[in-house]
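FYI, the numbering just counts along the sequence from 1. Since the model is a prediction, treat every value here as computed from it, not as a measurement. Whatever order the structure lists ligands and atoms in, that order sets their numbers, starting from 1.
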Amino acid sequence: MAISSPPLFLFPESSPMEAPPPPTILTQDELKKIAAYKAVEFVESGMVLGLGTGSTAKHAVDRIAELLHQGKLTNIVGVPTSKKTQEQAISLGIPLSDLDKHPILDLAIDGADEVDPYLNLVKGRGGSLLREKMVESACKKFIVIVDQTKLVKNLGGTGDAVPVEVVPFCWKFTETRLQRLFEEKFEVGCVAKLRVCGKNEEPFVTDNMNYIVDLFFEKEIGDLEAASDEILRLAGVVEHGMFLNMATTVIVAGGAGRSINMVDANMSALRERIENIRTKERLQRCYRVEQAGWCYSSGYDYTLKRDAKLSESLNFMVLVCKTFGLTIATSSSLLCILSVVVYLRFLGQ
Ligand SMILES: O=C(CO)[C@H](O)[C@H](O)COP(=O)(O)O
């Protein structure tokens, strides 16, 4: 799991005192490049780096190679998150390794398909989610680089794909179970579709020789942790593209032709406020009063039940310890008294 540090957002630079420069419209790719170059500023010589996959991460890999060739970075080792990135890094002369040799990485830089206000991500529309998740969960820091189009209020709420990597064996069975899981357990309309490619619509095959089932939701998923647990519990599923609590920093490039700047490094207060609002909303959903009375809705928070069970177990342990302690104390006292009595009797003789 990535070690958390304050998330970081980059916003368009603004200076109220100066007249704004004439607007230049940057393309989405130019914005991706700006975010990528900013992220590479966090790379230091001697680091082991997770190298992401996709059009945004590609700019970061290019930049790392450029700085290596200029001698501004030295002694860098990269761990690629896909065969494509591996080929790119090799062609640029970046020394590579893998998780077997480097189980702990200093930093990973990668793009994302969606980023929510908690810095949870959807990844894998490029098909590399498994290796990405393996590498990025082994990093001390994980910087996500996106243009502003990737920001969403809720994961899955845009109607775009949330990918799940599945084994090819009876993929249709797994596809059906995934769709049913969300329709029946989470009561979220969902269409599960095997990803295909090419003229003949052959199944898309991942670097790990698996298939991808894309989930299209009608509305936001809701409890992401519960959804993640339930997906992973299905035999046939290898991994899913929700990256929860993994990103430590998100760099967002946006604005029409404005340079970008670092504004805020600590979003913890904002996150706390968002958390409070979410809790309130969850409670309202859970205990919604319908005409017929109290209604147990799909907004149920699984973590509440888990926490309650944990505290119940803790209470039980405390009780056992107390009883044990009391027994020892009582026995010791009785033994003392007995010893004194025997000693006094012995003296009396
Ligand atoms: O997860 C990914 C690949 O599996 C990519 O990071 C994600 O799809 C973003 O891609 P891009 O930078 O091209 O927009």
Side-chain angles (χ1 to χ4, degrees), residues 2 10 26-40 49-64 78-89 105 107-116 119-139 141-152 155-156 158-166 194-197 203-216 224 228 231 237-254 260:
L10 294 180
L26 293 182
T27 63
Q28 191 179 11
D29 192 55
E30 284 166 328
L31 290 173
K32 288 178 177 186
K33 191 170 177 179
I34 289 170
Y37 274 45
K38 190 75 203 170
V40 176
L49 295 176
L51 305 176
T53 300
S55 53
T56 319
K58 184 179 177 294
H59 288 304
V61 177
D62 283 340
R63 180 68 177 154
I64 291 164
V79 177
T81 54
S82 64
K83 286 185 181 167
K84 200 166 178 195
T85 302
Q86 185 176 348
E87 282 161 18
Q88 184 200 358
L105 281 68
L107 168 68
I109 301 175
D110 200 356
D113 300 302
E114 292 185 7
V115 182
D116 81 0
L119 312 193
N120 292 321
L121 319 170
V122 168
K123 285 185 54 57
R125 290 190 193 145
S128 310
L129 64 106
L130 176 59
R131 293 191 187 191
E132 287 173 339
K133 199 173 267 190
M134 287 178 74
V135 172
E136 284 145 19
S137 57
C139 290
K141 282 185 180 167
F142 173 26
I143 301 185
V144 176
I145 43 178
V146 287
D147 66 274
Q148 61 194 4
T149 62
K150 306 291 184 68
L151 302 182
V152 298
L155 296 192
T158 56
D160 287 327
V162 175
V164 181
E165 185 155 342
V166 303
L194 182 75
R195 191 180 297 183
V196 292
C197 59
F204 172 90
V205 179
T206 69
D207 285 350
N208 321 293
M209 306 308 287
N210 292 316
Y211 290 173
I212 296 231
V213 169
D214 284 315
L215 303 179
F216 299 90
L224 299 175
S228 164
I231 294 174
V237 165
V238 181
E239 190 49 86
H240 61 70
M242 287 187 283
F243 285 46
L244 310 181
N245 301 314
M246 286 178 62
T248 53
T249 299
V250 174
I251 294 177
V252 185
I260 58 170

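If you check the side chains of Thr27 and Asp29, you find no donor sitting under 3.5 Å from an acceptor. Of the N and O atoms on the side chains of Lys32 and Ser55, at least one donor lies less than 3.5 Å from an acceptor on the other residue. When only modelled atom types and interatomic distance are considered, Thr85 and Gln88 share no side-chain donor-acceptor pair under 3.5 Å. For the residue pair Ser128 and Thr81, no side-chain donor N or O sits within less than 3.5 Å of a side-chain acceptor on the partner.
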How far apart are the C-alpha atoms of Glu114 and Lys150, what are their side-chain angles, what is the distance that settles it, and do they pass the salt bridge (Lys or Arg N to Asp or Glu O under 4.0 Å) test? CA-CA 5 Å; Glu114 292 185 7; Lys150 306 291 184 68; over 6 Å; no

side-chain contact (heavy atoms from CB on, under 4.5 Å) evaluation trace for Ile145 with Ile109: CA-CA 7 Å; Ile145 43 178; Ile109 301 175; 3.5 Å; yes

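Residues satisfying the salt bridge (Lys or Arg N to Asp or Glu O under 4.0 Å) test with Asp62, not counting sequence neighbours, are Lys58.
The atoms of ligand 1 that sit less than 4.0 Å from any heavy atom of Thr53 are 2 (C), 3 (C), 5 (C), 6 (O). Taking every heavy atom of Lys32 and a limit of under 4.0 angstrom, the matching atoms of ligand 1 come to 11 (P), 13 (O), 14 (O). Close approach of ligand 1 to Thr56 (heavy-atom distance below 4.0 Å) involves ligand atoms 11 (P), 12 (O), 14 (O). Using a 4.0 Å cut-off to heavy atoms of Gly124, the atoms of ligand 1 that qualify are 1 (O), 2 (C), 4 (O). In the vicinity of Gly111, heavy-atom distances shorter than 4.0 Å reach the ligand 1 atoms 6 (O). For ligand 1, the atoms sitting less than 4.0 Å from at least one non-hydrogen atom of Gly127 are 4 (O), numbered in the order shown with element in parentheses. Residue-ligand proximity, Gly126 to ligand 1, at heavy-atom distances under 4.0 Å covers atoms 3 (C), 4 (O), 8 (O).
Around atom NZ of Lys33, no more than 12 heavy atoms belonging to other residues, nucleotides or ligands sit under 6.0 Å away.
Using a 4.0 angstrom heavy-atom cutoff, Lys58 does not count as in contact with ligand 1. Not a single heavy atom of Gly52 lies less than 4.0 angstrom from ligand 1.
Regarding atom 2 (C) of ligand 1, its nearest protein heavy-atom neighbour is Glu132 OE2, 3.3 Å. In terms of protein heavy atoms, atom 14 (O) of ligand 1 is closest to Lys150 NZ, 2.7 Å. Here the protein heavy atom with the shortest distance to atom 7 (C) of ligand 1 is Asp113 OD1, 3.2 Å. The closest protein non-hydrogen atom to atom 13 (O) of ligand 1 is Ser55 OG, 2.4 Å. The single protein non-hydrogen atom nearest to atom 4 (O) of ligand 1 is Ser128 N, 3.1 Å, given as residue, atom name and distance.
Residue Ser82 does not touch ligand 1, judged by heavy-atom distances below 4.0 Å. Using a 4.0 Å cut-off between heavy atoms, Asp110 contacts ligand 1 through its side chain alone, with no backbone atom that close.
In terms of heavy atoms, Gly50 sits closest to Val135 at CA-CG1, 3.8 Å.
A salt bridge is absent between Asp113 and Lys123: the closest approach of a Lys/Arg side-chain nitrogen to an acidic carboxylate oxygen does not fall below 4.0 angstrom.
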